[in-house]
Chemist: 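Dropping a structure here in structure tokens format, bear with me for questions.
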Amino acid sequence: MRRARAVERLKREVHESTTLEVPPVPGRRDLGGWTGATWEVGMDTMHAVRGHRRGGPEQLTYEIAPRPVPGPGEVLVGVRSASITPDELVWDATWTDSFDGGGSERVPIVPSKEVSGVVAELGPEVSDWKVGDEVYGLIPFTRDGAAAEFVAVPAAVLAAKPARLDHDHAAALPLAGLTAWQGLVVHGGLRPGARVLVQGGAGGVGSFAVQVAVALGASVTATAGAEAADFVRELGAEQVVDHRSERFEEQVKDVDLVFDTVGGDTQERSWQVLRPGGRLVSIVAPPDATKEGGRFFVVEPDRSGLEELSRLVADGELTPPVDRVFPLAETAQAYAALEQGHRRGKIVLHVS
């Protein structure tokens with residue numbers, strides 16, 4: 001109940017403080033839209049946010065772009081909402097066709113790897129979706145993203161949008177939710193009754209990790225700033241340690257699993273609280289290889305994981321915290337807001 005009240009309060013704050021008006025673009029043409037049965041045919045352009053050269057939010061442009069055509073095994077999604085991630089604009093995978101930057105440049109790029117929307121068109125060899133289905137998912141990192149009116153996505157990485165969520169909140173779920181699920185369950189081996197320490201419990205990923213761990217029967221402690229302590233408790237944490245004024249290693253011991261979203265000195269000190277045989281799973285940097293139990297991973301698109309998250313949503317155990325919602329035309333400002341820190345949840349782009 002406390003978690004539900006906290007997130008409902010965040011929803012009200014978002015909708016009361018955000019105006020989702022998209023300014024006109026010079027040369028805009030009528031793109032038509034969803035009619036309840038099909039998308040209008042004959043559309044070959046769309047509004048999109050694109051980066052024509054590597055850089056930060058300042059080089060993103062809201063413009064008219066070609067509408068993608070779904071290939072074999074792909075669907076075209078009419079984007080309702082998209083979500084963005086810190087450091088996304090510095091990832092090599094955002095700008096090239098490889099994770100290490102050794103591949104070919106693919107500018108101009110469309111950012112944002114989390115999408116919630118409606119299936120607008122099926123590519124060849126797709127039988128598991130139909131036009132009009134509401135879907136959400138994590139877009140593979142070396143592909144164009146969802147900061148646009150349409151995006152072509154492999155059908156296999158999408159799942160049915162949770163019925164309890166609107167598109168803004170569904171878009172906030174895939175990357176952070178799958179990161180929490182894969183870190184806790186796949187790499188962390190989480191079992192009911194485990195003691196878990198989430199480093200950075202108020203952040204985009206940490207807030208999901210707290211909820212997922214609690215839903216799976218763990219006893220959760222989290223670190224956070226004092227201003228976010230009540231929020232993290234309402235997500236389900238039994239104990240919140242103020243990372244500015246307290247040393248977590250003096251407050252916590254015999255932990256089965258540390259989920260690290262902070263890195264650096266915090267990660268190194270986390271070894272002190274693990275029980276023998278415990279695991280330290282990080283999404284920031286590989287843990288000390290000389291110590292047992294350390295794991296580092298990068299989240300992957302995963303329909304089955306999304307379906308598990310959807311089940312938790314349906315059961316009332318998981319609600320994606322949304323910090324702010326920006327219209328698509330203000331995507332550059334949204335990415336700039338990511339750099340301000342101290343968010344309580346995800347930043348979302350409302351597209352249509």
Side-chain angles (χ1 to χ4, degrees), residues 3 6-7 10 82-91 93 112-115 136-139 141 169-188 190 196-216 218 220-225 228 231-232 234-237 240-241 243 248 257-264 266-267 270 279-287 295-302 305-306 308-309 312-313 317-324 334-335 337-348:
R3 280 183 287 169
V7 176
L10 282 174
S83 186
I84 61 177
T85 303
D87 298 328
E88 182 183 331
L89 297 181
V90 302
W91 297 343
S112 175
K113 302 304 181 183
E114 299 170 271
V115 63
Y136 79 123
L138 176 62
I139 300 168
F141 296 125
H169 286 80
L173 182 53
L175 191 147
L178 283 175
T179 300
W181 179 267
Q182 292 172 11
L184 293 168
V185 177
V186 178
H187 300 281
L190 181 65
V196 175
L197 172 61
V198 177
Q199 299 286 18
V205 173
S207 58
F208 282 91
V210 170
Q211 294 184 80
V212 170
V214 170
L216 296 180
V220 177
T221 297
T223 60
F231 168 72
V232 177
E234 290 169 332
L235 294 176
V240 180
V241 179
H243 65 83
F248 65 84
L257 173 61
V258 175
F259 189 88
D260 169 40
T261 74
V262 178
T266 295
Q267 182 191 102
S270 294
R279 294 185 182 182
L280 193 163
V281 177
S282 179
I283 63 171
V284 183
R295 287 168 174 69
F296 168 76
F297 78 101
V298 176
V299 65
E300 298 179 350
D302 175 19
L306 289 175
E308 292 289 348
L309 295 173
L312 295 181
V313 170
E317 300 286 351
L318 177 64
T319 303
V322 172
D323 185 85
R324 273 173 285 179
Y335 275 98
L338 285 174
E339 300 173 0
Q340 297 172 8
H342 306 300
R343 296 176 308 283
R344 297 185 184 182
K346 296 282 290 186
I347 288 181
V348 171

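Quick caveat: nothing in here was measured; it's all calculated off a predicted structure.
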Chemist: Quick one: are Val212 and Glu317 in side-chain contact, heavy atoms under 4.5 Å?
Modeler: no

Chemist: Can you find a pair of side-chain heavy atoms, one from Thr85 and one from Trp91, that are under 4.5 Å apart?
Modeler: yes

Chemist: If you define the side chain from C-beta out and look only at heavy atoms, does anything of Asp302 sit under 4.5 Å from Gln182?
Modeler: yes

Chemist: Would you give the length of the straight line joining atom CD1 of Ile347 to atom OG of Ser112, rounded to the nearest 0.5 angstrom?
Modeler: 12.0 Å

Chemist: Do you know which two heavy atoms are closest between Pro301 and Leu178, and how far apart they sit?
Modeler: CA-CD1, 4.4 Å

Chemist: Heavy atoms, side chains only, cut-off 4.5 Å: are Leu173 and Val313 in contact?
Modeler: yes

Chemist: Quick one: which of Ile84, Asp323, Val322 gives a side-chain contact (heavy atoms from CB on, under 4.5 Å) with Val348?
Modeler: Val322

Chemist: Does Gln267 reach the main-chain N or O of Ser282 with its side chain, forming a donor-acceptor pair under 3.5 Å?
Modeler: no

Chemist: Taking C-beta and beyond as the side chain, do Val214 and Leu235 meet within less than 4.5 Å on heavy atoms?
Modeler: no

Chemist: What distance do Leu318 atom CG and His169 atom NE2 have between them, rounded to the nearest 0.5 Å?
Modeler: 11.5 Å

Chemist: Kindly say whether Ala202 contributes a backbone atom to a donor-acceptor pair with the side chain of Ser207 at under 3.5 angstrom?
Modeler: no

Chemist: Quick one: are Trp181 and Leu216 in side-chain contact, heavy atoms under 4.5 Å?
Modeler: yes

Chemist: Would you name the heavy atoms of Gly206 and Thr261 that are closest together and state the gap between them?
Modeler: N-CG2, 4.3 Å

Chemist: Which atoms form the tightest heavy-atom contact between Tyr136 and Pro174, and what is the distance?
Modeler: CD1-CG, 3.6 Å

Chemist: What is the distance from atom OG1 of Thr179 to atom CZ of Phe208, rounded to the nearest 0.5 Å?
Modeler: 9.5 Å

Chemist: Counting C-beta onward and ignoring hydrogens, is there a side-chain heavy-atom pair between Ile283 and Val299 closer than 4.5 Å?
Modeler: no

Chemist: Hey, could you give me the CG/CG distance between Asp260 and Leu197, rounded to the nearest 0.5 Å?
Modeler: 9.0 Å

Chemist: Does any donor atom in the side chain of Gln199 or Thr266 lie under 3.5 Å from an acceptor atom in the other side chain?
Modeler: no

Chemist: Specify the closest pair of heavy atoms between Pro321 and Gln211, including all atoms of both residues, with the distance to one decimal.
Modeler: CD-NE2, 3.7 Å

Chemist: So how far is it from Asp87 CG to Tyr335 OH, rounded to the nearest 0.5 Å?
Modeler: 11.0 Å

Chemist: Once rounded to the nearest 0.5 Å, what's the spacing between atom CD1 of Ile139 and atom CG of Leu175?
Modeler: 10.5 Å

Chemist: If I compare all heavy atoms of Val240 with all of Ala224, which pair ends up nearest, and what's the gap?
Modeler: CG1-CB, 4.1 Å

Chemist: Taking all atoms of both residues into account, what is the closest heavy-atom pair of Leu280 and Ser270, and its distance?
Modeler: CD1-CB, 3.7 Å

Chemist: Is Phe141 close to Val298 at the side-chain level, that is, under 4.5 Å between some pair of heavy atoms?
Modeler: yes

Chemist: Mark yes or no for whether Arg295, through its side chain, and Arg279, through its backbone, hold a donor-acceptor pair below 3.5 Å.
Modeler: no

